[in-house]
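Throughout, a chain's letter reflects where its sequence line sits, starting with A, and its residues are numbered from 1. All values reported here derive from a predicted model rather than from experimental measurement. Values below: every heavy atom of this structure, side chains too, minus hydrogens, waters and symmetry copies.
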Amino acid sequence: MSRETDEFLIEKGLFLTAISSVIVIALIIIFIFWEGYPAIVNVGFFNFIFGMDWSPSNGLYGVFPMIIGSLAITGLSLLMAVPLGVFCAIFMAEIAPGKMRKILRPTLQTLSGIPSVVYGFFGLIILVPFMRVQFGGTGFSMLTASLILTVMILPIIVSVSEDAIKSVPSEYKEASLALGATHWQTIKNVIFPAAIPGVITSIILGMGRAIGETLAIIMVAGNVVQIPTSILDPVRALTSNIAIEMGYATGTHYNALFATGIVLIFMILILLVIANYFHYKKKVTVGGGYL
Amino acid sequence: MYRILSPKISQKIMKSIFWVSGLITIFILLIIIGYILLKGLPVINLEFIFAEPIDSGRAGGIFPMIISTAYVTLIALLVATPLGVGAAVYLAEYAGEGRLVAAIRFGAETLSSIPSIIFGLFGLAFFVIYLDMGWSVLSGGLTLALMALPTILAASEVSIESVNKSYSEGSLALGATKWQTVYQVVVPAAMPGITTGVILGMGRAIAEAAAILYTVGAALAIPISFMDPARPLPLHLYILATEGISLDNAYGTAAVLVIIILVITVVTNTLVDRYTKKMMGR
């Protein structure tokens with residue numbers, strides 16, 4: 001074989017590896033839809049999405065309480081994780097001395113590496129009894145799940161926000177300081193506003209993690225199918241629904257769990273599109289700074 | 001009204017708030033890791049590591065689970081490493097800026113944000129049922145490979161792109177072909193970054209439980225063939241904890257997982273440090 005054919009074949013081979021992730025995504029979507037579609041047809045699209053009752057033994061497949069459950073847990077954990085995460089990111093990018101940074105970085109890496117089951121286990125052993133003593137009830141609640149999720153999504157919010165803050169051109173900061181602004185005024189009025197698109201991306205990524213988290217939530221959320229009226233109510237997330245019932249589901253029930261997966265995929269895709277929009281915007285604004 | 005505090009005082013207040021949020025983060029990690037290790041380390045001894053579980057894990061050790069984790073992780077890396085590194089080489093060295101490349105990037109990005117339970121569903125529908133692999137180490141390992149793929153791809157691409165352009169220009173100028181340059185100059189120079197990516201992918205595979213819940217089975221025996229069902233460590237911990245089988249063994253299993261993750265963090269950091277020093281040295 002000549003050198004040219006070798007080179008040609010290698011390039012094509014590498015191309016195949018490159019499109020593998022696209023093929024995998026396509027296969028995942030095809031198979032989840034293939035298995036989930038019959039349930040949506042059987043139950044009816046409207047009854048499935050907006051149905052209030054999930055009772056497979058009675059043929060009721062409504063996922064609305066779980067959509068609300070997933071969103072409520074996610075929203076509550078963002079309320080805690082975003083302020084803490086963004087402050088921590090500003091701390092790491094602007095304020096922390098070198099030594100603190102050297103401690104914080106591996107700390108966040110470890111937090112993001114700890115298996116979700118370990119978080120769930122910790123929640124089950126420590127947090128659930130604590131909540132039971134403090135607030136009464138069983139201790140399994142939306143609040144307990146959100147607290148665990150807060151810790152789990154903290155690393156991604158901090159690391160992406162920190163990158164965004166660091167990528168603000170230093171001329172901005174220097175100009176503001178030269179005008180006599182204090183460091184905090186500079187952070188508040190110059191650095192942070194310029195980093196906002198990246199911070200929003202970090203929040204969306206954290207949201208994606210929170211919506212997708214499964215086992216840690218199952219272990220602490222109580223998993224009752226209901227629309228929560230208080231943050232101390234037990235809830236069931238979409239992901240939990242799949243993981244809890246897949247073990248024994250057959251027929252329409254089996255398909256309905258894949259259909260639950262379709263709802264999840266749609267939520268994640270919407271978040272990805274929004275994240276891409278802000279990512280694009282970030283490039284434009286930062287690029288604009290150099291013009 | 002707006003200026004109740006002087007700029008200097010608000011600066012001081014805000015700085016302490018930033019410090020507190022940084023310290024809270026460290027504190028959270030210390031509490032979680034400290035508690036798990038405090039309760040788990042006393043359980044861990046040679047017998048716990050090398051014995052088989054007795055009575056569904058009420059007593060005995062976790063040896064089959066360690067083997068299971070090693071087995072599925074190995075399969076995941078054997079599949080995901082060539083795919084991820086190959087894709088990274090293509091994206092960094094061969095691809096232009098076309099629509100197809102944008103699609104590939106979007107594919108990898110989407111893959112990294114798909115919830116693990118969706119991978120689990122896919123693994124069940126595709127590997128276990130459609131390809132008839134059953135609940136096995138192979139089904140679980142392949143499902144984990146798909147999850148580790150975007151991690152390996154992203155880290156490898158960044159490190160390949162950051163290889164100094166003068167290296168490949170030098171090699172091409174000496175008459176080497178594109179592939180010879182990539183294979184003998186660019187990839188070796190990017191090796192520390194690629195290794196870091198593979199270790200991170202490994203961490204993801206070791207930690208994952210939801211994706212293998214319905215693909216790997218939950219057998220307590222040591223898996224021999226890759227068609228055997230197995231029970232990796234996170235899955236074992238999940239079952240021990242939710243079914244209330246044994247708190248002590250759950251602590252031990254959790255501690256083993258935490259130690260593995262700590263080792264991975266230390267190793268990747270050492271690699272990255274060395275790599276950065278090497279690059280700075282030039």
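- Contacts with chain B were tallied for A:E213, A:R105, A:E11, A:E94; A:E11 has the most, counting heavy-atom pairs under 4.5 Å.
- Taken to the nearest 0.5 Å, the CG atom of B:L111 stands 6.0 Å off from the OG atom of A:S21.
- Considering only heavy atoms from C-beta on, B:Y238 comes within 4.5 Å of A:I218 through its side chain.
- A:I103 CD1 to B:L23 CG: the interatomic distance, rounded to the nearest 0.5 Å, is 9.0 Å.
- Across every non-hydrogen atom of A:I95 and B:W19, the tightest pair is CG2-NE1, 3.9 Å.
- Both the backbone and the side chain of B:I32 come within contact range of chain A, with heavy atoms under 4.5 Å apart.
- Looking at B:L237, both its backbone and its side chain come within 4.5 Å of chain A, counting heavy atoms on both sides.
- Ranked by heavy-atom pairs under 4.5 Å with chain A, the list B:A210, B:A95, B:G84 is led by B:A210.
- Contact of A:I10 with chain B is made through the side chain alone, with heavy-atom distances under 4.5 Å.
- One distance of note links CZ of A:F122 with CD1 of B:I33; it measures 10.5 Å at 0.5 Å rounding.
- Both the backbone and the side chain of A:I28 have a heavy atom closer than 4.5 Å to some heavy atom of chain B.
- Only the side chain of A:M100 comes within contact range of chain B, judged by heavy atoms closer than 4.5 Å.
- For the options A:L215, A:I268, A:T214, heavy-atom pairs under 4.5 Å to chain B are most numerous at A:L215.
- In this structure, B:W179 and A:L14 have side chains that are in contact, with non-hydrogen atoms separated by less than 4.5 Å.
- Rounding to the nearest 0.5 Å gives a distance of 7.5 Å between CG of B:L262 and CD1 of A:I114.
- Both the backbone and the side chain of B:I31 come within contact range of chain A, each with at least one heavy atom under 4.5 Å from a heavy atom of that chain.
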Go through it in stages, so that I can follow the logic: the residues are B:M14 and A:F87, the test is side-chain contact (heavy atoms from CB on, under 4.5 Å), and I'd like the CA-CA distance, side-chain angles, deciding distance and then a yes or no. CA-CA 10 Å; B:M14 287 316 294; A:F87 279 140; 4.0 Å; yes
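- Proximity to chain A (any heavy atom under 4.5 Å) is restricted, for B:L100, to the side chain, taken from C-beta onward.
- If you measure heavy-atom distances from A:L111 to chain B, the contacts under 4.5 Å come from both the backbone and the side chain.
- For chain B, the option among A:M92, A:E35, A:Q109 with the highest count of heavy-atom pairs below 4.5 Å is A:Q109.
- The contact between B:L124 and chain A is made entirely by side chain atoms (from C-beta outward), counting heavy-atom distances below 4.5 Å.
- Considering only heavy atoms from C-beta on, A:V118 stays 4.5 Å or farther from B:I261 through its side chain.
- The heavy-atom pair separating B:G107 from A:V22 by the smallest distance is CA-CG2, 4.5 Å.
- Between A:I125 and B:Y35 the shortest heavy-atom distance is CG2-OH, 3.7 Å.
- For B:F126, the parts sitting under 4.5 Å from any heavy atom of chain A are the backbone and the side chain alike.
- Side-chain contact check for B:I114 versus A:I25: some heavy-atom pair is nearer than 4.5 Å.
- Contact of B:I118 with chain A is made through backbone and side chain together, with heavy-atom distances under 4.5 Å.
- Of the listed residues (A:I29, A:I126, A:I30), the one with the most heavy-atom contacts under 4.5 Å to chain B is A:I126.
- Counting only heavy atoms from C-beta outward, the side chains of A:H183 and B:K15 approach each other to under 4.5 Å.
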Derivation of the side chain to side chain donor-acceptor pair (under 3.5 Å) call for B:T177 and A:E7: CA-CA 8 Å; B:T177 63; A:E7 290 286 316; 2.6 Å; yes
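- When ring centroids are compared, A:F15 and B:Y94 stay outside the 6.0 Å threshold.
- Here the closest heavy-atom approach between residue A:C88 and residue B:G22 is recorded as SG-CA, 4.0 Å.
- Interface check for chain B: of the options A:T110, A:L16, A:V24, the most heavy-atom pairs under 4.5 Å are formed by A:T110.
- In this structure, no portion of B:I239 lies under 4.5 Å from any heavy atom of chain A.
- A 6.0 Å sphere centred on CZ of A:R236 holds more than 12 heavy atoms belonging to other residues, nucleotides or ligands.
- Proximity to chain A is limited to the side chain of B:I17, based on heavy atoms less than 4.5 angstrom apart.
- Between B:N269 and A:P106 the shortest heavy-atom distance is ND2-CB, 4.0 Å.
- Within the 6.0 Å centre-distance limit, the rings of B:Y251 and A:F121 are counted as a close aromatic pair.
- A:L27 touches chain B through backbone and side chain together, each having a heavy atom under 4.5 Å away.
- For A:L205, no part sits under 4.5 Å from any heavy atom of chain B, backbone or side chain.
- In plain terms, the two heavy atoms of A:A243 and B:I117 that are nearest each other are CB-CD1, 3.7 Å.
- Residue A:L84 touches chain B through both its backbone and its side chain, counting heavy-atom pairs closer than 4.5 Å.
- Contact of A:I23 with chain B is not made at all, since no heavy-atom distance falls under 4.5 Å.
- In this structure, no portion of B:P150 lies under 4.5 Å from any heavy atom of chain A.
- Judged by distance alone, with hydrogens and angles left aside, the side-chain atoms of B:Q11 form a donor-acceptor pair with the main-chain N or O of A:W184 at under 3.5 Å.
- With a 4.5 angstrom heavy-atom cutoff, A:Y254 touches chain B only via side-chain atoms.
- For B:E208, no part lies under 4.5 angstrom from a heavy atom of chain A.
- For the atom pair OG1 of B:T25 and CG of A:L104, the computed distance is 6.5 Å after rounding to the nearest 0.5 Å.
- Residue with the most contacts toward chain A among B:I104, B:L121, B:L83: B:L121 (heavy-atom pairs, distance under 4.5 Å).
- If you take CG on A:L269 and CZ on B:F106, they are separated by 6.5 Å, rounding to the nearest 0.5 Å.
- Taking the side chain as every heavy atom from C-beta outward, A:L271 and B:S113 never approach each other to under 4.5 Å.
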